[in-house]
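Take a look at the structure set out below.
In this text the structure is predicted, and so the values were computed from the model without any measurement.
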Amino acid sequence: MKPLGKLRLGVNIDHVATVRNARGSAYPDPVRAAKLAEEAGADGITAHLREDRRHISDADIERLATELSLPLNFEMAATDEMQAIALRHRPHAVCIVPEKREERTTEGGLDVAREENRLAHFIAPLADAGCRVSIFIAADAKQVEAAARIGASVVELHTGAYCDFHAEERLAERDAELARLREMAALAHGLGLEVHAGHGLTYDTVEPVAAMPEVMELNIGHFLIGEAIFRGLDPAIAEMRRLMDAARAA
């Protein structure tokens with residue numbers, strides 16, 4: 001199967017805000033990071049406004065919505081508060097993710113199959129407002145099928161388990177998870193869903209995911225912000241873009 005189109009790179013800027021908030025200062029500025037990401041070849045910007053506001057703030061979302069020229073992907077929990085914020089700003093895209101106060105980062109995919117009715121009603125106003133609605137899920141058939149049933153237009157497959165297995169050199173488990181990702185990307189595409197992927201991707205792990213022909217967008221953040229400490233944000237993003245494009249071409 002030939003790739004369905006250009007593979008887009010969404011850069012998550014949450015952890016620029018994490019560094020800023022560690023000192024309670026006004027810098028580093030995540031909006032500046034978003035603009036630098038655009039210059040470096042990003043196709044979109046992702047920001048997760050959490051319930052506890054641990055990194056991205058309401059003011060950040062306000063500025064991103066008004067100052068950004070790239071599409072904004074607003075990651076959010078399925079709560080009334082977040083729905084109201086999304087409906088006020090009407091970003092290009094919203095990605096519904098699970099969220100727990102005690103977690104350091106998003107630890108898994110949303111259990112859509114268990115909450116079909118609630119999520120179907122939750123996302124309907126967002127879609128009606130013109131937002132592209134994505135659901136962040138594990139590579140599991142029942143979750144992919146449930147996402148299609150509730151009316152989502154996109155699924156973002158959680159690549160965290162694959163990346164963790166790779167880092168721990170659990171190679172058989174890594175390869176099995178990669179096979180699941182491939183299978184679920186094909187299933188989602190067959191159900192009419194656009195397929196994205198993200199979480200934990202690095203230079204060492206991105207190429208097999210980028211090579212999946214159904215995947216249209218990768219969302220990558222923590223690794224790129226960390227790599228920017230050593231090489232700068234522009235070169236860090238440019239190298240990720242190069243690896244993605246090379247994998248896609250191959």
Side-chain angles (χ1 to χ4, degrees), residues 10 12 14 46-56 73-87 91 93-128 131-165 173-174 176-201 209 212 214-222:
N12 186 313
D14 290 355
T46 294
H48 183 176
L49 184 65
R50 285 180 171 268
E51 182 184 8
D52 62 6
R53 308 305 199 265
R54 72 179 67 171
H55 37 60
I56 293 295
N73 177 34
F74 180 38
E75 283 191 354
M76 54 182 274
T79 66
D80 291 343
E81 178 194 25
M82 293 300 154
Q83 184 190 66
I85 292 169
L87 290 173
V94 294
C95 183
I96 313 302
V97 302
E99 185 177 310
K100 295 182 289 188
R101 280 182 178 270
E102 65 273 18
E103 68 186 1
R104 286 181 296 174
T105 185
T106 305
E107 293 173 349
L110 200 63
D111 192 346
V112 191
R114 190 179 65 181
E115 298 188 87
E116 273 194 51
N117 187 58
R118 183 179 81 86
L119 289 171
H121 285 89
F122 181 83
I123 70 172
L126 298 168
D128 290 344
C131 298
R132 184 192 71 192
V133 178
S134 175
I135 308 291
F136 187 67
I137 58 171
D140 180 86
K142 69 178 183 179
Q143 303 300 339
V144 172
E145 291 162 354
R149 285 194 297 269
I150 68 171
S153 57
V154 179
V155 288
E156 181 167 337
L157 298 177
H158 187 343
T159 55
Y162 154 67
C163 294
D164 290 344
F165 291 143
E173 292 164 288
R174 177 202 66 187
E177 184 64 21
L178 191 59
R180 276 190 289 274
L181 287 164
R182 290 193 184 103
E183 183 181 355
M184 290 306 106
L187 174 62
H189 173 66
L191 292 172
L193 294 161
E194 184 172 310
V195 183
H196 299 176
H199 197 83
L201 292 169
V209 181
M212 296 177 190
E214 301 88 358
V215 174
M216 299 296 294
E217 181 173 305
L218 300 181
N219 286 297
I220 306 174
H222 183 260

* Does E81 come within less than 4.0 Å of R53, counting only side-chain N to carboxylate O? -> yes
* Does the side chain of Y162 reach to within under 4.5 Å of the side chain of V209, using non-hydrogen atoms? -> yes
* Using a 4.5 Å cut-off on heavy atoms from C-beta on, say whether the side chain of S134 contacts that of S153. => no
* Asked: Does a side-chain heavy-atom distance below 4.5 Å link F165 with L178?
  -> no
* Verdict with reasoning, K142 to E145, per salt bridge (charged side-chain N to carboxylate O under 4.0 Å, His left out) -> CA-CA 5 Å; K142 69 178 183 179; E145 291 162 354; over 6 Å; no
* Would you check if F136 and I96 make a side-chain contact, meaning some heavy-atom pair closer than 4.5 Å? => no
* Asked: Is it true that R132 and E217 have a side-chain N and a carboxylate O under 4.0 angstrom from each other?
  -> yes
* To do: Mind listing the closest non-hydrogen atom pair of H48 and H55 along with its distance?
  => O-CE1, 3.1 Å
* Does Q143 use its side chain to pair, donor to acceptor, with the backbone of V112 at less than 3.5 Å? -> yes
* Ion pair present between D52 and R50, side-chain N to carboxylate O less than 4.0 angstrom? -> no
* Between E177 and R174, is there a salt bridge with N-O shorter than 4.0 Å? -> no
* Any side-chain heavy atom of V195 within less than 4.5 Å of one from V154? -> no
* Asked: Side chains of N73 and T46: donor-acceptor distance under 3.5 Å anywhere?
  -> yes
* Asked: Are a donor atom and an acceptor atom from the side chains of H158 and E156 found within less than 3.5 Å of each other?
  -> no
* To do: Kindly give the heavy-atom pair with the smallest separation between T159 and A197, and that separation in Å.
  => CG2-CB, 3.9 Å
* Are any of the side-chain nitrogens in R180 or E183 under 4.0 Å away from the carboxylate oxygens of its partner? -> no
